[in-house]
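Notes follow once the structure below has been shown.
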Amino acid sequence: MTGRHVVTRSALAEGLAGLGVRPGALVVAHTSLSSFGYVVGGAHGVLLALRDTVGPRGTLVMPAFTPQLCHPRTWRAPDLARAAADPDTAAQIPPFDPRRTPVARTMGVLPELLRTQPGTRRSGHPHVSFAAQGPLAGRVVREHPAAWRLAAHGPLGRLWDLDAVVLLLGAPWEKCTALHLAEYATAYPGRRAGLWAVPEPDGHGGTRWREVPELLVWEGDFEAIGAAYEASGGPIATARVGSALCRAVPLRPLVRFACRWLAAHRDLSRGVPPPGWRDVVDAESPVPAGRLGAAHFDPATEERTP
């Protein structure tokens, strides 16, 4: 292959500094390693550059999701239907262990690398945990209830409280987990909630399943939200690092904007729930754990933009 950018650790750190990332920052990073070109040292080089930039007083957070632990009834492939219907299949899915369960390969290489580093903390949700390293790691991941998993009472809410910065390093807007906060906080048409199964240890080395109330989230219009936010002139910094388009955006103004955008533009009333959900009902009123914290932001009182 020819024509690829060769990106070094120092070039990555310089690019991050150019985005305004400073020592001591709290950042939640979403990365696409392949988008940079040829990264010297691979994923480890990117991780070291992130740590170089935020420094020892900074905290690095990444989603560490594990969809491989979802109940078999969520499986879509027709050839897996018979196994999915067998109760023994669900019983043999491993219970989640924050220290040992690997991050799904679909999340990319960086989150799993961060998970395995000394001093990294991880939240306890069996499907949508977060990994964090740095002085604020414990505060970010300490509480992560099974129900309403991406709402303001979990790690995303602590990132809001602590005024974090979102980094999209070659990753598209659809990967921006902070936008889920807006889904919980905004009563848009067609919003739905239902019962979702989470795996738990049964005390005998196996797995039992418990259903919890949960919001049906959707990333299908996150690209449109991101594009509209950039066009609105909200605070954001962009830079090219190698061949990757990188963005740094403060979490709070982004989520505020997303709440207004969802109220004005999203309508999922004709949507069909994906497999794996039970007792799905409309959730157009505020849901538990939807209220955002320290800044006392109430989307119901915010001015709505067309």
Side-chain angles (χ1 to χ4, degrees), residues 16 18-22 25-32 61-63 128 130 140 148-192 215-239 245-269 271 283-306:
L16 290 166
L19 289 172
V21 181
R22 297 290 181 259
L26 167 62
V27 300
V28 53
H30 308 268
T31 61
S32 171
V61 182
M62 292 184 184
V128 292
F130 287 78
V140 172
W148 314 111
R149 53 192 169 178
L150 293 172
H153 63 178
L156 287 177
R158 303 296 73 72
L159 292 171
W160 166 280
D161 294 341
L162 296 166
D163 206 11
V165 173
V166 176
L167 297 180
L168 296 173
L169 305 180
W173 282 106
E174 68 177 20
K175 300 299 184 182
C176 182
T177 55
L179 292 175
H180 290 301
L181 280 172
E183 294 186 283
Y184 284 82
T186 308
Y188 55 84
R191 188 173 64 163
R192 294 184 173 96
L215 191 73
L216 278 72
V217 297
W218 188 60
E219 299 86 9
D221 53 13
F222 281 12
E223 287 292 331
I225 294 172
Y229 177 81
E230 292 184 270
S232 75
I236 188 172
T238 61
L245 174 61
C246 298
R247 301 177 176 93
V249 54
L251 185 148
R252 285 182 187 172
L254 173 63
V255 173
R256 287 191 180 104
F257 178 89
C259 287
R260 297 192 298 267
W261 192 97
L262 289 172
H265 297 286
R266 180 184 277 191
D267 185 346
L268 300 182
S269 55
E284 293 188 10
S285 59
V287 298
R291 182 175 174 81
L292 299 171
H296 304 294
F297 170 61
D298 183 353
T301 64
E302 287 286 298
E303 179 183 355
R304 295 185 178 184
T305 56

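What you see is a predicted model, and the numbers here were worked out from it, not measured in a lab.
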How about [X] and [Y]: do any of their side-chain heavy atoms sit closer than 4.5 Å?
| X | Y | value |
| --- | --- | --- |
| Tyr184 | Val217 | yes |
| Leu16 | Val27 | no |
| Pro235 | Tyr229 | yes |
| Val61 | Pro155 | no |

For [X] versus [Y], what's the shortest heavy-atom pair and its separation?
| X | Y | value |
| --- | --- | --- |
| Ala178 | Leu251 | CB-CD1, 3.7 Å |
| Leu179 | Leu254 | CD2-CG, 3.9 Å |
| Ala29 | Pro63 | O-CD, 3.7 Å |
| Cys176 | His30 | CA-NE2, 4.1 Å |
| Gly290 | Ala185 | O-CB, 3.4 Å |
| Leu262 | Tyr188 | O-CB, 3.6 Å |

From [X] [atom1] over to [Y] [atom2], what is the distance, rounded to the nearest 0.5 angstrom?
| X | Y | atom1 | atom2 | answer |
| --- | --- | --- | --- | --- |
| Leu159 | Leu181 | CG | CG | 8.0 Å |
| Ile225 | His265 | CD1 | NE2 | 9.5 Å |
| Asp221 | Leu268 | CG | CG | 7.0 Å |
| Arg260 | Arg256 | CZ | CZ | 8.5 Å |
| Glu219 | Thr177 | CD | OG1 | 9.5 Å |

Applying salt bridge (Lys or Arg N to Asp or Glu O under 4.0 Å), which residue pairs with at least one partner in residues 173-186 are found, sequence neighbours left out?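 Listed by first then second residue: Glu183-Arg266.
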
Got a sec, which pairs hit salt bridge (Lys or Arg N to Asp or Glu O under 4.0 Å) with one end in residues 164-173, sequence neighbours left out?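 For residues 164-173: none.
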
List in chain and number order the residues that pass side chain to side chain contact (heavy atoms under 4.5 Å, CB included) with Pro288, two or more places apart in sequence or in another chain; answer none if no residue qualifies.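 Side chain to side chain contact (heavy atoms under 4.5 Å, CB included) list for Pro288, sorted by chain: Trp148.
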
Test side chain to side chain contact (heavy atoms under 4.5 Å, CB included) applied to Val28 and Val140, step by step: CA-CA 11 Å; Val28 53; Val140 172; over 6 Å; no

For Arg191, which residues count as a salt bridge (Lys or Arg N to Asp or Glu O under 4.0 Å) partner, sequence neighbours excluded?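 By the salt bridge (Lys or Arg N to Asp or Glu O under 4.0 Å) rule, Arg191 matches no residue at all.
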
Can you list the residues that meet the side-chain hydrogen bond (donor to acceptor under 3.5 Å, both in side chains) rule with Ser269, with sequence neighbours excluded?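 For Ser269, the residues satisfying side-chain hydrogen bond (donor to acceptor under 3.5 Å, both in side chains) (neighbours in sequence not counted) are Asp267.
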
Taking ring-ring contact (aromatic ring centres under 6.0 Å, His included) as the test, write out the residues that go with His180, two or more places apart.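 Scan of His180 (ring-ring contact (aromatic ring centres under 6.0 Å, His included), adjacent residues dropped) gives Phe222.
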
Do Leu156 and Phe130 pass the side chain to side chain contact (heavy atoms under 4.5 Å, CB included) test, and can you show the C-alpha distance, the side-chain angles, and the key distance before you say yes or no? CA-CA 9 Å; Leu156 287 177; Phe130 287 78; 3.9 Å; yes

Contacts under 3.5 angstrom, residues 163-173 side chains, donor-acceptor by atom type, not counting sequence neighbours:
from: Trp173; atom 1: NE1; to: Glu230; atom 2: OE1; distance (Å): 3.1

